[in-house]
Amino acid sequence: MERIYQVVSEEDMARQKSFAAAVRELPHRPETYFIVTYGCQMNAHDSEKLAGILEEMGLIPAAKREEADFVIFNTCCVRDNAERRALGNITWLREVRKTRPELMIAVCGCMIQEPGMAEKILKQYRFINLAFGTANLHRFPEIMYEALESGRNTVKVDTQDVIPEGLPVQRLRKESAYLTIMYGCDNFCSYCIVPYVRGRERSREPSAVLREAEQLLKDGTKEIMLLGQNVNSYGKGLGNGITFAKLLKELDRMGVPRIRFMTSHPKDLSDELIDAMHDSKHILPQFHLPVQSGSDRILKKMNRHYTRDIYMERVRKLREAVPGIGLSTDIIVGFPGETEEDFRDTMNLVRDVGFDSAFTFIYSPRVGTLAASMEEQVAADISTRRIEELIALQEGIQQETLKRFLGQEEEVLVEGFSKRSDEAVSGKGRHAVSVTLNGEAADIGNIVKCRITALKHNTLMGERTAGVK
Ligand code: SAM
Ligand code: SF4
């Protein structure tokens, strides 16, 4: 298969490093930065790369956004509310600039990559100093240099699908690290804007992924979260026979203590992957499997390429291979044409599966997607009522499913002190459920064993049983 994307050349990456060094030397460059991130884990990880680049350019983090010399908004456009929130916050910062004229404002991420958005930004938000799309992230040093040297607003939006290797990363958490294995998406679910703003699906070479994982392991990372819009189709187009299951096996052999991944598409969830989970020592017993709807009619209109029965079959196989596995999902209500009966099908599926957690969304029309021009858009009050019913149902189910942990031993990767007490710490168990347990500062970043003694809302309460692993 002919590749429609390319790995950014080493020369180009080296050129960017020179721009970063040149920015560092500029006497009028900003000293401090603050990043505001919206959206998914992909964006959170992009922000870690932005921080890496900013620090290479000599900037240091500011404690508050209103104190920073350079504020960058890493935006999301999956739903209208994410977009409105970003634009509201960007506009608010214009007021701050009235008292601090040296403040630089940048906007990047998915929203900038939307067709027509860059022009709109240029016209309506003239106070923004620089804007660039997801395809230009690796060129941030060059864009920054240009903006600082010319003193003009600088906008760069390319549509070429590239893979940048070797970007500096400033990780927010050392114990649990994001690792991107693929970019973009080819699925074109009819409601979703991601394929338009993140480009065609493209996988990183397994050697590059494994190199990064090895480095993380050396740095003491306890958990790696593999990222991609559809990790189950990892390897397609590389032409070397690699699959997601094979990649997982390699990582498992390497000895990364915990391996997680997201997101999986049910249509590409292979038996090979389920077997790899069954055989593995380090892949956590947790699976995020977005279903979106429980109605076959709606799934077809969503272009999801599976039915309720296929989904339930995948769930059955996962549970057979990995007993006690924790399942989570994404669900959209109010998709165009969703009838009360379709919605009942979704409610029934949620009852039948028994998810540990579910992210629920009201359908948000996105310009340029197929669903946005479909007839029978569902009225806002109906969607709101449906989502409230769904959330109430899921909350009850969650209380039941989480009871299976009571009395069990659990291993927790401790993230920090509990918000309620400084004698308790909290983190995630192996099934990705939050656990609070007695602990101290030395536990942070380590895996600690405990016995689950109670359930409070959606958090498990634990009593420590053994020392740090
Ligand atoms: N690639 C992943 C997948 O296939 O599920 C996740 C992509 S998206 C960033 C995360 C979730 O946002 C989706 O699973 C879907 O439930 C939701 N979503 C995407 N587009 C939406 C829209 N137009 N309106 C409401 N929710 C949407
Ligand atoms: Fe969007 Fe579907 Fe791709 Fe997920 S798989 S990013 S929902 S188009």
Side-chain angles (χ1 to χ4, degrees), residues 37 40-41 44-45 48 63 171-178 216 220-227 256-263 281-289 319 322-330 350 353-360 390-469:
T37 310
C40 63
Q41 284 84 355
H45 189 34
E48 293 183 328
R171 295 186 186 274
L172 273 181
R173 292 172 55 204
K174 302 288 174 219
E175 74 281 3
S176 177
Y178 292 129
L216 287 168
T221 300
K222 300 283 186 334
E223 177 178 273
I224 292 184
M225 164 78 100
L226 305 172
L227 293 180
V256 179
R258 289 177 156 209
I259 305 167
R260 297 169 65 190
F261 51 85
M262 73 190 312
T263 301
K281 265 170 80 177
H282 303 291
I283 304 172
L284 292 188
Q286 194 270 334
F287 212 103
H288 185 64
L289 194 60
R319 286 196 160 138
V322 187
I325 191 169
L327 297 173
S328 57
T329 198
D330 292 350
V350 168
V353 175
F355 294 106
D356 278 354
S357 64
F359 298 92
T360 51
L390 181 61
I391 291 170
L393 172 69
Q394 175 55 28
E395 271 173 3
I397 288 171
Q398 211 153 320
Q399 288 303 302
E400 285 308 308
T401 60
L402 297 186
K403 278 185 189 157
R404 73 184 187 283
F405 294 107
L406 291 174
Q408 301 293 313
E409 196 163 75
E410 183 58 291
E411 290 176 1
V412 182
L413 177 53
V414 177
E415 291 165 15
F417 278 106
S418 152
K419 284 190 195 110
R420 290 191 197 92
S421 155
D422 51 12
E423 285 172 9
V425 290
S426 63
K428 290 271 187 324
R430 287 171 52 76
H431 300 74
V433 178
S434 296
V435 183
T436 297
L437 65 150
N438 51 319
E440 56 196 26
D443 295 331
I444 297 170
N446 285 307
I447 297 173
V448 170
K449 280 190 179 164
C450 69
R451 187 163 305 280
I452 303 300
T453 53
L455 171 64
K456 271 196 192 159
H457 306 292
N458 297 328
T459 302
L460 299 169
M461 309 305 289
E463 282 292 332
R464 212 175 149 137
T465 54
V468 173
K469 264 185 138 190

Contact summary for [X] and [Y], nearest pair of heavy atoms:
{"X": "Val414", "Y": "Asp443", "result": "CB-O, 3.3 Å"}
{"X": "Gln398", "Y": "Ser357", "result": "OE1-CA, 3.8 Å"}
{"X": "Arg404", "Y": "Ile325", "result": "NH2-O, 3.7 Å"}
{"X": "Thr436", "Y": "Ala424", "result": "CG2-CB, 4.0 Å"}
{"X": "Gln399", "Y": "His457", "result": "NE2-O, 2.6 Å"}
{"X": "Leu402", "Y": "Asn458", "result": "CD1-O, 3.8 Å"}

Could you check if a side-chain atom of [X] sits within less than 4.5 angstrom of a side-chain atom of [Y], using non-hydrogen atoms only?
{"X": "Gln394", "Y": "Thr360", "answer": "no"}
{"X": "Met461", "Y": "Ile452", "answer": "no"}
{"X": "Glu175", "Y": "Glu415", "answer": "yes"}
{"X": "Cys450", "Y": "Val435", "answer": "yes"}
{"X": "Leu437", "Y": "Lys449", "answer": "no"}
{"X": "Thr459", "Y": "Ser426", "answer": "no"}
{"X": "Arg171", "Y": "Thr221", "answer": "no"}
{"X": "Glu463", "Y": "Asn438", "answer": "yes"}

Separation of [Y] [atom2] from [X] [atom1] (nearest 0.5 Å):
{"X": "Glu395", "Y": "Leu390", "atom1": "CD", "atom2": "CG", "value": "10.0 Å"}
{"X": "Arg260", "Y": "Phe287", "atom1": "CZ", "atom2": "CZ", "value": "12.5 Å"}
{"X": "Gln286", "Y": "Leu289", "atom1": "CD", "atom2": "CG", "value": "10.5 Å"}
{"X": "Arg173", "Y": "Met225", "atom1": "CZ", "atom2": "CE", "value": "9.5 Å"}
{"X": "Arg451", "Y": "Arg464", "atom1": "CZ", "atom2": "CZ", "value": "14.5 Å"}
{"X": "Thr453", "Y": "Gln408", "atom1": "OG1", "atom2": "CD", "value": "12.5 Å"}

Per the ring-ring contact (aromatic ring centres under 6.0 Å, His included) rule, what does the pair list look like for residues 404-428, sequence neighbours excluded?
Phe405-His431
Output yes when a side-chain donor or acceptor of Glu410 lies under 3.5 Å from a complementary backbone atom of Arg430, and no otherwise.
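Answer holds: yes.
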Met262 vs Leu227, side-chain contact (heavy atoms from CB on, under 4.5 Å): CA-CA, chis, key distance, verdict
CA-CA 5 Å; Met262 73 190 312; Leu227 293 180; 4.2 Å; yes
Carefully, step by step, assess Glu223 and Lys428 under the rule side-chain contact (heavy atoms from CB on, under 4.5 Å).
CA-CA 11 Å; Glu223 177 178 273; Lys428 290 271 187 324; 5.5 Å; no
May I ask you to decide if the ring planes of His45 and Tyr178 are parallel, tilted or perpendicular, using 30° and 60° as cut-offs?
tilted
Apply the test side-chain contact (heavy atoms from CB on, under 4.5 Å) to residues Leu327 and Arg319: give CA-CA distance (whole Å), side-chain angles for both, the deciding distance (0.1 Å), then the verdict.
CA-CA 9 Å; Leu327 297 173; Arg319 286 196 160 138; 3.6 Å; yes
